[in-house]
2 protein chains.
Amino acid sequence: MRGLTRYLPVLDWGRHYDRTTLSADLLAAVIVTIMLIPQSLAYAMLAGLPAEVGVYASILPIVGYAIFGTSRTLAVGPVAVVSLMTAAAIARTGAEGEAALAVALVLALLSGLMLLAAGVMKLGFLANFLPHPVTAGFITASAFLIAGSQLGNVLGVKLSGDTLIELGEGLFAALGGVNPVTAAIGVGTLAFLFWARSRLKPLLRRLGLGPRLADALTKAAPILAVAVTSALAWGLDLGSQGVALVGSVAGGLPPLTLPALSLDLVRELALPALLISLVGFVESVSVGQTLAAKRRQRIEPDQELMGLGAANIAASFTGGMPVTGGFARSIVNFDAGAATQAAGLFTALGLLMTALFLTPLLAFLPKATLAAMIIVAVLGLVNLRILAQAWSYSRTDFAAVALTILVTLGAGVEAGLVVGVLVSLVAHLHATSRPHIAEVGHIPGTHHFRNVLRHEVVTDPSLLSIRVDERLYFANARFLEDYLLTRIAEMPGLRHVVLLCSAVNDVDLSAAESLLALNQRLKDAGVTLHLSEVKGPVMDKLAKSHLPQALTGKIYLSQVDAVRDLAPSIAPPPLQGVA
Amino acid sequence: MRGLTRYLPVLDWGRHYDRTTLSADLLAAVIVTIMLIPQSLAYAMLAGLPAEVGVYASILPIVGYAIFGTSRTLAVGPVAVVSLMTAAAIARTGAEGEAALAVALVLALLSGLMLLAAGVMKLGFLANFLPHPVTAGFITASAFLIAGSQLGNVLGVKLSGDTLIELGEGLFAALGGVNPVTAAIGVGTLAFLFWARSRLKPLLRRLGLGPRLADALTKAAPILAVAVTSALAWGLDLGSQGVALVGSVAGGLPPLTLPALSLDLVRELALPALLISLVGFVESVSVGQTLAAKRRQRIEPDQELMGLGAANIAASFTGGMPVTGGFARSIVNFDAGAATQAAGLFTALGLLMTALFLTPLLAFLPKATLAAMIIVAVLGLVNLRILAQAWSYSRTDFAAVALTILVTLGAGVEAGLVVGVLVSLVAHLHATSRPHIAEVGHIPGTHHFRNVLRHEVVTDPSLLSIRVDERLYFANARFLEDYLLTRIAEMPGLRHVVLLCSAVNDVDLSAAESLLALNQRLKDAGVTLHLSEVKGPVMDKLAKSHLPQALTGKIYLSQVDAVRDLAPSIAPPPLQGVA
């Protein structure tokens with residue numbers, strides 16, 4: 001992609017649009033629209049916002065993404081984890097009702113601007129600082145929080161809280177006030193949806209339906225639940241029996257809204273907006289990459305930032321809430337055959353129609369139905385295997401996942417995410433500050449030098465060859481110095497030390513100074529210091545320091561050369577045909 | 001060192017104490033005491049505290065260090081940079097007079113407890129996170145701030161401020177009020193001390209004095225300045241002409257003080273105390289290590305934390321202020337022949353005598369003399385070459401030094417130190433998140449594989465050998481994936497990719513997942529992924545993931561083996577005498 005096309009992917013796919021693509025995109029749009037109607041209401045409810053906000057957030061934001069985004073199949077809109085984070089951010093400001101809506105608009109605007117700025121500055125790589133196990137742990141814990149928060153709606157009691165403890169206490173206190181009719185609808189829907197998820201498709205197949213139709217009907221199970229429970233609520237007048245219904249949903253075109261920016265609000269929402277942007281971006285890019293790879297397409301992370309930024313800014317001006325690319329709906333879009341971003345545009349059209357004409361039908365939808373839908377959807381995000389996987393892989397990774405899950409559950413989404421990232425960074429710095437250092441010896445009959453503790457090797461008492469498995473920088477420079485000074489004290493016959501630098505990927509100024517000091521101390525002890533296998537970029541830097549002049553020994557291209565020169569008795573044989 | 005001796009080094013050196021050591025220690029103590037008397041007054045003044053506080057801080061703290069510290073020649077007491085940081089911390093609380101003294105005691109206690117706790121937890125390695133260039137830049141900038149702050153005393157005007165701008169403005173505004181007599185004494189002393197530092201010793205040598213005596217007299221120049229200006233102030237009654245004198249110094253034994261701990265004060269002083277501890281520890285350990293190495297002794301950083309902790313706690317209970325091992329006085333102690341920590345004990349005794357009997361003599365000492373002494377001393381700490389050195393070495397190191405200096409000068413010591421460390425950490429993370437990746441080829445006639453861009457190598461179009469020069473972890477896992485997917489798109493004839501892992505020092509769970517994804521994507525593209533030269537500890541971890549089973553290719557012990565197997569036409573010849 002070149003020039004303008006790079007920044008406006010719509011110019012690329014729009015130019016080659018044809019009838020085949022159109023029909024594929026239209027079909028996908030119909031399916032996704034049907035799925036999105038209840039989902040968008042549900043996630044608005046999860047964020048503590050009026051139901052129509054979810055619908056508005058699924059119209060213009062999709063258009064914004066379709067113009068600037070690079071994934072052809074990503075479906076943008078409110079998603080579970082981001083909605084939970086939105087709820088937490090709103091709770092932090094203490095806003096309710098209309099004010100909560102205003103906070104959601106500011107959040108979407110801030111998040112959109114941050115994403116856009118990050119895109120312009122090509123900061124897409126920052127998403128890499130969210131480690132995979134932390135993301136998995138965070139999403140798992142968030143799913144539990146979301147499911148917990150929706151139990152109130154399922155049982156017909158008021159329940160709020162940002163942590164599992166608050167939710168648990170709230171639920172316990174509210175158990176006496178359970179509305180039996182609501183609970184019947186909620187638990188019934190929950191049971192039906194769980195059953196449908198695992199059993200409906202095999203059943204339909206046994207009834208003789210084709211695999212595609214069976215699959216489509218299975219995915220339509222939530223719609224069936226919506227239709228049946230709405231009809232019950234209407235027919236039996238459940239509203240008068242204390243069953244909470246979605247009620248009148250404001251219809252019509254999305255309103256034009258101006259986010260009410262105030263300095264205090266911006267300061268208060270900056271961190272939540274940043275975290276929402278980060279999580280939204282990571283979720284969206286990982287879905288986008290997975291789907292693109294299946295069709296040998298590629299997405300551009302920096303341009304994705306632009307697409308998601310445009311989507312959130314669009315949300316903030318049309319009565320919406322923070323949005324991102326959703327996992328489940330993007331897969332549905334992909335599986336339904338969406339070929340280009342136009343499928344998104346048609347979905348937006350579908351939701352606009354919904355806003356214009358279908359809202360009266362939604363008035364009788366029980367909130368318990370939406371809550372059950374949310375619970376079933378988010379429990380699909382739970383990945384507890386990551387704990388076992390991390391445990392068996394490394395204690396550090398396990399600590400990061402476990403802490404992320406515990407802090408998210410115990411102190412909320414924002415704290416959980418921040419702690420997870422910080423723990424990972426600190427663990428990385430700690431590990432690199434005490435690098436693995438191996439004494440190496442020669443493997444007879446080869447040109448290889450390996451760890452004396454792991455391989456059968458030969459060494460010479462006058463020569464100590466040390467391989468440092470880390471870039472040398474300020475945090476570990478003195479560690480190497482201490483290690484070597486301790487080692488040489490134990491080796492009276494020692495005359496040469498060779499630092500095998502094949503794994504030394506950088507030497508910063510602190511480490512260069514430290515090597516100079518080490519060189520001097522070894523010199524004082526009558527030991528010569530040599531280097532071998534220094535990489536090109538590292539040698540370029542060292543050449544600018546005093547080290548090459550001050551070094552008591554030599555810098556060898558290879559460890560073989562070093563050993564031939566310093567301890568010929570254990571030197572490897574030459575190659576055949578080489579003098 | 002074993003058992004109790006490890007934690008009470010006094011048991012080691014105390015047991016072997018004899019008459020030779022005694023006379024060496026006594027001589028050193030006399031010299032250091034003479035040097036310390038004006039210095040301790042000066043650094044108390046720099047911290048904005050009564051003069052006697054500096055003397056008190058040089059008595060019991062020295063005893064505390066002598067019992068617990070491992071350096072035989074380190075001289076502990078108030079030092080310039082830590083005194084400046086103490087002044088900044090006191091200014092932050094807004095305390096003055098008696099209250100300022102109370103803050104200093106709390107600071108010393110907090111710093112002592114932190115050092116002690118760090119020692120117990122063996123956190124000595126944390127000092128490594130203060131990069132050498134940042135330390136050099138910080139001390140240089142602090143020296144300018146200290147010199148600037150003392151210009152007021154030299155000229156006889158009131159001057160305060162935490163940044164160079166504030167000091168400059170204050171000086172400009174105060175220029176009209178310069179006291180000419182004070183300025184004459186101050187500038188005169190300054191000129192004399194600068195002259196003495198560079199010219200006195202050669203002059204004395206030309207006058208026929210022996211080298212040791214000439215050296216000792218040169219070092220006594222500040223004492224001469226103290227004596228002469230005090231005599232002038234007494235004889236000419238300069239106090240009545242507006243010259244600020246030290247005035248009555250409280251004599252007698254150091255008072256027993258109880259630091260007035262309040263939760264608010266602790267919270268406010270926690271960060272300054274932490275930074276004071278860190279800077280004090282780093283300064284002290286680097287002096288201690290340098291001196292110990294000259295005599296083939298070693299110091300134990302974790303035990304040094306204990307020694308400095310004990311010293312600061314002692315300071316907090318005897319009317320003192322934060323202390324650490326000083327550079328200049330330790331070198332004087334060392335050069336004067338101090339053999340054990342007993343030299344410190346005798347110095348403490350000397351200062352106790354001073355407190356008991358000499359304080360009346362100090363009453364006529366002009367503050368301008370002390371200020372001139374401070375300026376000359378701290379300008380010796382300035383190291384502007386570090387800027388040129390860092391610039392030529394690497395832009396990253398330069399950015400860290402330059403920012404540390406600028407922020408310290410412009411926003412104060414605490415901000416400068418924090419920014420310096422953060423910039424270094426971010427630069428490190430950024431560098432490791434975009435690692436150097438080299439395509440390698442075979443150097444004919446050897447068993448070496450090197451960067452195709454730097455060496456004459458042979459390659460095979462069906463084989464791409466990639467060397468990643470970094471541990472693979474969450475921050476760079478996707479970078480490698482993106483790099484390789486871009487590369488293989490350019491190489492239609494490609495069949496094999498070998499990741500040469502000689503410089504891959506770790507693979508965390510995020511990176512292992514990423515390698516699995518890469519393996520799958522390459523498989524989809526008909527390319528086989530192999531690894532070679534995986535280090536032992538890394539292989540141990542990978543063995544716990546699905547990677548070895550899922551890998552489409554093999555894991556080779558060496559790159560030579562990989563090439564022999566995958567591209568025999570460019571394989572290196574075998575070794576002589578090896579089948």
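Every chain is numbered from 1, with letters handed out A, B, ... down the list of sequences.
- Counting heavy-atom neighbours within 6.0 Å of A:Glu490 CD, excluding the residue itself, gives a total above 12.
- Interface check for chain B: of the options A:Leu130, A:Leu425, A:Asn476, the most heavy-atom pairs under 4.5 Å are formed by A:Leu425.
- Top candidate by heavy-atom pairs under 4.5 Å with chain B, chosen from A:Glu470, A:Gln389, A:Gln520, A:Arg467, is A:Glu470.
- Judged as a salt bridge (charged side-chain N to carboxylate O under 4.0 Å, His left out), and not counting sequence neighbours, the contacts of B:Asp506 are B:Arg471, B:Lys541.
- When side chains are defined from C-beta on, B:Met539 does not count as touching A:Arg454, because their heavy atoms never get closer than 4.5 Å.
- Contact detail for B:Val507 and A:Tyr393: the closest heavy-atom pair is O-OH, 2.6 Å.
- Listed for the B:Asn505 side chain is no donor-acceptor partner under 3.5 Å among the backbone atoms of A:His436.
- Looking at B:Leu429, the atoms closer than 4.5 Å to chain A (heavy atoms on both sides) sit in the backbone and in the side chain alike.
- With sequence neighbours left out, A:Glu283 forms a side-chain hydrogen bond (donor to acceptor under 3.5 Å, both in side chains) with no residue at all.
- Heavy-atom pairs under 4.5 Å with chain A peak, among B:Asp482, B:Val538, B:Val560, B:Asn451, at B:Asp482.
- Of the two parts of B:Ala431, the backbone and the side chain both hold a non-hydrogen atom closer than 4.5 Å to a non-hydrogen atom of chain A.
- We find the NE2-OG distance between B:His447 and A:Ser558 to be 11.5 Å, quoted to the nearest 0.5 Å.
- A:His430 places a side-chain heavy atom less than 4.5 Å from the side chain of B:Phe125.
- Among B:Val504, B:Asp540, B:Val134, B:Thr396, the residue with the largest count of heavy-atom pairs under 4.5 Å with chain A is B:Asp540.
- Heavy atoms of B:Phe129 lying under 4.5 Å from chain A belong to its backbone as well as its side chain.
- In terms of heavy-atom proximity, A:Leu509 sits nearest to B:Asp397 at N-OD2, 3.1 Å.
- Between A:Ser502 and B:Ala503, the closest heavy-atom pair is O-CB, 3.5 Å.
- Counting heavy atoms from C-beta on, the side chains of B:Leu557 and A:Arg450 come closer than 4.5 Å.
- For B:Glu513, the part lying near chain A is the side chain, with the backbone staying farther off; criterion is any non-hydrogen pair under 4.5 Å.
- When the candidates A:Ala390, A:Ser392, A:Ala517, A:Ala543 are compared by the number of heavy-atom contacts under 4.5 Å with chain B, A:Ser392 comes out ahead.
- Proximity to chain A involves both the backbone and the side chain of B:Ser424, based on heavy atoms less than 4.5 angstrom apart.
- Aromatic ring pairs are classed by plane angle as parallel below 30°, tilted from 30° to 60° and perpendicular above 60°; the pair A:Tyr473 and B:His428 is parallel.
- Within the 4.5 angstrom heavy-atom criterion, no atom of B:Val421 approaches chain A.
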